[in-house]
Trainee: 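Sharing a structure here in structure tokens format.
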Amino acid sequence: MGLAARLGWRLLGALTVLWGIATLSFFAVRLIPGDPALAVLGGPGSNATAEAVEKVRGDYGFDRPLLVQYTMMLGRLVQLDLGESYRLHTPVIDHIAALFAPTLTVALLALVVAWVLTIPLCWWATRPARYGAIVADLIGMITSALPHFWLGAVGITLFVAVWKLPIVLASSRPEGLILPVLTLAIPLAGYLAQVTRDGMEDALDSQFVLAARARGESEWHVFTRHVLRHGIRPAIHLTGWAFGSLIGGAVVIEQMFARTGLGRSLIDAVTSRDVPLVTGVLMVVAVGYVLVTLVTELVEWTLYRNERPVRPNRKAVL
């Protein structure tokens with residue numbers, strides 16, 4: 001399939017994903033007990049009069065059938081209008097624009113750090129030493145299963161309480177990114193190492209690696225130039241998913257480390273039944289995920305379009 005056809009199918013799938021997310025977020029928030037009109041007026045404790053509640057219902061269309069409200073919401077999204085936050089009374093797009101950069105910074109740094117940790121772990125796992133490979137596999141399996149909230153709590157305890165390091169929580173300074181980034185990156189690095197190792201093992205048994213060794217190339221040169229290039233292909237394909245998981249993990253991280261961002265804003269919006277803000281945050285995250293996935297597809301197609309799948313040299317292995 002050509003690049004244009006692949007991108008066309010991906011764009012069609014992306015539109016389907018965005019429609020599904022908008023639909024699920026709309027009806028999921030509506031299932032939360034309470035009157036959305038009260039959310040606009042400041043919540044159940046606002047002591048709003050019945051006349052004020054009825055006026056808000058008419059102004060925001062809450063008195064219309066649910067299907068009509070859903071259609072109106074989709075119509076606004078088609079026009080790229082995310083609406084106005086019920087709780088903040090400001091345009092949703094402006095609120096998201098102010099909080100998008102901190103969340104994106106943490107997610108991108110975590111993705112880079114995860115790849116930096118993955119490469120030496122894969123190098124260790126593919127060495128001839130049996131025990132080194134076993135230990136690397138154990139590290140990959142254990143770290144990939146670590147929950148973010150547990151890892152973050154352990155990190156705070158070690159860095160702040162035990163080691164007395166000057167790690168400042170709830171800070172916008174660079175040192176305030178250390179713990180959140182590591183908390184997100186370590187589990188992802190373990191997962192990427194597990195995904196990458198199978199491809200590297202096949203590459204190690206391939207004919208082109210045997211030919212490189214016959215030419216006298218060093219093991220490090222063989223690994224970086226041949227094995228790594230073919231082994232990381234499955235992990236590159238999963239980079240879009242990884243970015244989405246990091247954005248999802250930011251919800252926990254921002255709450256734990258008291259950081260401003262889309263994660264904390266989403267939790268506040270859900271508890272206050274702020275439908276436009278919930279939908280807006282989810283749609284922006286979904287668009288980011290779709291864009292990263294499309295870029296990943298383009299990078300993978302560019303790097304590997306002229307290459308055939310790696311077939312291990314089974315005779316050499318036997």
Trainee: So which heavy atom on Ala242 is nearest to which on Leu111, and how close?
Mentor: CB-CD1, 4.2 Å

Trainee: Grouping I, L, V, M, F, W and Y whenever their side-chain heavy atoms are under 4.5 Å apart, do Tyr70 and Met72 come out in a common cluster?
Mentor: no

Trainee: Please answer whether the main-chain N or O of Ile21 pairs with a side-chain N or O of Ser25 as donor and acceptor at a distance below 3.5 Å.
Mentor: yes

Trainee: Tell me yes or no: between the side chains of His95 and Ser85, is some donor less than 3.5 Å from an acceptor?
Mentor: no

Trainee: Do Leu67 and Val275 land in one hydrophobic cluster if side-chain heavy atoms of ILVMFWY residues count as linked below 4.5 Å?
Mentor: yes

Trainee: Tell me if a side-chain donor or acceptor on Thr143 pairs with a main-chain N or O of Gly140 at a distance below 3.5 Å.
Mentor: yes

Trainee: If I compare all heavy atoms of Val116 with all of Pro120, which pair ends up nearest, and what's the gap?
Mentor: O-CD, 2.9 Å

Trainee: Which heavy-atom pair separates Ala114 from Ala189 by the least distance, and what is that distance?
Mentor: O-CB, 3.5 Å

Trainee: State, to 0.1 Å, how close Ala193 and Cys122 come at their nearest heavy-atom pair, and which atoms those are.
Mentor: CA-SG, 3.9 Å

Trainee: In Å, rounded to the nearest 0.5 Å, how long is the span from CG of Leu266 to CG of Leu99?
Mentor: 11.5 Å

Trainee: With rounding to the nearest 0.5 Å, note down the distance linking CG in Leu108 to CG in Leu184.
Mentor: 11.5 Å

Trainee: With a 4.5 Å heavy-atom cut-off, do Val278 and Phe26 have their side chains touching?
Mentor: no

Trainee: Between Arg64 and Arg57, is the side-chain contact (heavy atoms from CB on, under 4.5 Å) condition met? List the steps.
Mentor: CA-CA 9 Å; Arg64 300 182 182 182; Arg57 285 176 181 158; over 6 Å; no

Trainee: Is it true that Phe27 and Leu77 fall in one hydrophobic cluster, defined by side-chain heavy atoms closer than 4.5 Å?
Mentor: yes

Trainee: So do Leu12 and Trp9 actually touch side chain to side chain, heavy atoms under 4.5 Å?
Mentor: yes

Trainee: With hydrophobic residues grouped by side-chain heavy-atom distances under 4.5 Å, do Phe257 and Trp150 end up in a single group?
Mentor: yes

Trainee: Does one hydrophobic cluster hold both Val112 and Ile253, with members joined at side-chain heavy-atom distances below 4.5 Å?
Mentor: no

Trainee: Nearest heavy-atom pair of Ala110 and Ala185: which atoms, and what distance?
Mentor: O-CB, 3.4 Å

Trainee: With a 4.5 Å limit on heavy-atom distance, are the side chains of Leu151 and Pro187 in contact?
Mentor: yes

Trainee: So, taking the atom named CD1 in Ile139 and the one named CD in Gln194, what distance separates them when rounded to the nearest 0.5 Å?
Mentor: 11.5 Å

Trainee: What I want to find out is whether Lys55 reaches Asp59 closely enough, with some N-O distance under 4.0 Å, to be called a salt bridge.
Mentor: yes

Trainee: I need the single residue from Val285, Thr279, Val281 that forms a side-chain contact (heavy atoms from CB on, under 4.5 Å) with Met283. Which is it?
Mentor: Thr279

Trainee: Once the angle between the rings of Phe62 and Tyr86 is folded into 0 to 90°, is it parallel (under 30°), tilted (30 to 60°) or perpendicular (over 60°)?
Mentor: perpendicular

Trainee: Going from CD1 on Ile119 to OG1 on Thr196, what distance comes out if it is rounded to the nearest 0.5 angstrom?
Mentor: 7.0 Å

Trainee: Decide whether Glu254 and Thr260 meet the rule of one side-chain donor and one side-chain acceptor closer than 3.5 Å.
Mentor: no

Trainee: Got Leu74 and Trp19 here, is their nearest side-chain heavy-atom distance under 4.5 Å?
Mentor: yes

Trainee: Roughly how far, to the nearest 0.5 Å, is CG of Leu282 from CG of Leu277?
Mentor: 9.5 Å

Trainee: Checking side chain to side chain donor-acceptor pair (under 3.5 Å) for the pair Glu84/Thr90: CA distance, chi angles, key distance, verdict?
Mentor: CA-CA 5 Å; Glu84 182 179 288; Thr90 58; over 6 Å; no

Trainee: What's the spacing between Leu188 CG and Ser144 OG if we round to 0.5 Å?
Mentor: 10.0 Å

Trainee: Is a side-chain N or O of Thr103 found less than 3.5 angstrom from the main chain of Phe100, in a donor-acceptor match?
Mentor: no

Trainee: Do the non-hydrogen side-chain atoms of Leu177 and Arg259 ever get within less than 4.5 Å of each other?
Mentor: yes

